[in-house]
Amino acid sequence: MDTFSKKEVPGGGVPRKLDSTYLVPLHCGHLDAVLAIVAQSAEKRWKRQDFAYFLAHSNAFCVGVADIEGKLQAFSLGLLDDGVLDLIYIATVPAARQRGLGRQLLHAYQGDPRVRGITLEVAEGNLPALALYKSVGFSPAGLRRRYYENRYDALLLEWKRR
């Protein structure tokens, strides 16, 4: 499924309009649209079944941003357990970067009453991602040495509802 209807979102409900985009819940039926974004990304370590696993997980809390035509522009995969969201993956179509779509995804999680906290890992050298996370209230919570490809350190970040 590459596009989303403005009238109905799979999984129930109506997409929430955000300027010229829509915030939509994702599930395993959106796997191809998610993979289309990943294919345009530098990140290529995950396989199709990895993405399918998270989209179908019983604790999945996955959100996307679709444009006015219904084409997925950004997505995030998370697992929500006892009020804490483990943000697993977040990506944006290269042509739509620096337009606030990642911020929209993070604000969606932060604004959801079921989410009391969010944790994530980010490569220490990923300065654009670090700036985004800091701007929406994430703070350092730890370090995982040689986490990425057994070469690069990962910063552990967290956000807590106040």
Side-chain angles (χ1 to χ4, degrees), residues 1-18 21-67 69-94 96-97 99-123 126 129-130 132-133 136-139 141-142 144 147-148 154-161:
M1 176 177 297
D2 290 339
T3 63
F4 301 91
S5 165
K6 288 185 244 175
K7 294 181 181 173
E8 184 178 337
V9 173
V14 175
R16 195 170 62 183
K17 188 164 180 356
L18 303 165
T21 59
Y22 291 84
L23 194 60
V24 293
L26 301 179
H27 58 74
C28 56
H30 302 107
L31 180 59
D32 288 337
V34 165
L35 292 173
I37 292 175
V38 173
Q40 299 175 58
S41 167
E43 173 64 45
K44 304 262 193 278
R45 293 181 316 205
W46 282 26
K47 294 180 172 57
R48 180 182 183 89
Q49 64 263 26
D50 298 326
F51 290 96
Y53 170 82
F54 285 106
L55 286 166
H57 196 282
S58 61
N59 290 349
F61 194 174
C62 304
V63 180
V65 177
D67 64 17
E69 289 84 30
K71 187 162 174 72
L72 193 65
Q73 299 296 303
F75 74 91
S76 56
L77 306 178
L79 298 177
L80 183 63
D81 185 36
D82 197 26
V84 177
L85 178 76
D86 185 8
L87 186 59
I88 306 294
Y89 205 103
I90 187 167
T92 301
V93 172
R97 290 184 183 152
R99 295 186 187 165
L101 302 184
R103 185 178 310 280
Q104 288 178 357
L105 293 168
L106 293 169
H107 283 304
Y109 291 129
Q110 291 173 325
D112 191 297
R114 297 171 290 177
V115 178
R116 293 189 324 268
I118 303 171
T119 61
L120 61 86
E121 292 109 10
V122 61
N126 189 341
L130 288 168
L132 170 62
Y133 298 136
V136 296
F138 280 81
S139 57
R144 290 195 173 146
Y147 182 76
Y148 292 105
L155 294 175
L156 301 174
L157 302 179
E158 66 181 3
W159 171 85
K160 293 182 181 177
R161 185 175 309 285

Under the criterion side chain to side chain contact (heavy atoms under 4.5 Å, CB included), I'd like the reasoning laid out for Trp159 against Leu120: C-alpha separation, chi angles, the key distance, then a yes or no.
CA-CA 9 Å; Trp159 171 85; Leu120 61 86; over 6 Å; no
Minimum heavy-atom distance between [X] and [Y], given as atom pair plus value:
X: Ala74; Y: Thr92; result: CB-OG1, 3.6 Å
X: Ala96; Y: Leu101; result: CB-CD1, 3.7 Å
X: Leu26; Y: Gly64; result: CG-N, 3.6 Å

Given 3.5 Å as the limit, does a donor-acceptor pair link the side chain of Gln110 with the main chain of Val136, or not?
yes
Minimum side-chain heavy-atom gap [X]-[Y] below 4.5 Å:
X: Phe138; Y: Leu132; result: no
X: Ser139; Y: Glu158; result: yes
X: Val63; Y: Leu23; result: yes

List the residues meeting side chain to side chain contact (heavy atoms under 4.5 Å, CB included) with Pro94, not counting sequence neighbours, and say none if there are none.
Gln40, Arg97
Using side chain to side chain contact (heavy atoms under 4.5 Å, CB included) as the criterion, list what pairs up with Ala91, not counting sequence neighbours.
Ile37, Phe75, Tyr89
Contacts under 3.5 angstrom, residues 50-61 side chains, donor-acceptor by atom type, not counting sequence neighbours:
| unit_1 | atom_1 | unit_2 | atom_2 | d |
| --- | --- | --- | --- | --- |
| Asp50 | OD2 | Lys47 | N | 2.7 |
| His57 | ND1 | Asn59 | N | 2.9 |

With sequence neighbours excluded, tell me which residues meet side-chain hydrogen bond (donor to acceptor under 3.5 Å, both in side chains) with [X].
X: Ser76; answer: Tyr109
X: Arg161; answer: none
X: Arg48; answer: Asp32

Rounded to the nearest 0.5 Å, what separation is found between the [atom1] atom of [X] and the [atom2] atom of [Y]?
X: Leu155; Y: Asn126; atom1: CG; atom2: CG; answer: 10.0 Å
X: Ile118; Y: Lys160; atom1: CD1; atom2: NZ; answer: 12.5 Å
X: Leu85; Y: Leu80; atom1: CG; atom2: CG; answer: 6.0 Å
X: Leu87; Y: Leu157; atom1: CG; atom2: CG; answer: 10.0 Å

Not counting sequence neighbours, which residues clear salt bridge (Lys or Arg N to Asp or Glu O under 4.0 Å) with Arg116? List them please.
none
Contacts of type salt bridge (Lys or Arg N to Asp or Glu O under 4.0 Å), residue Asp112, not counting sequence neighbours:
Arg114
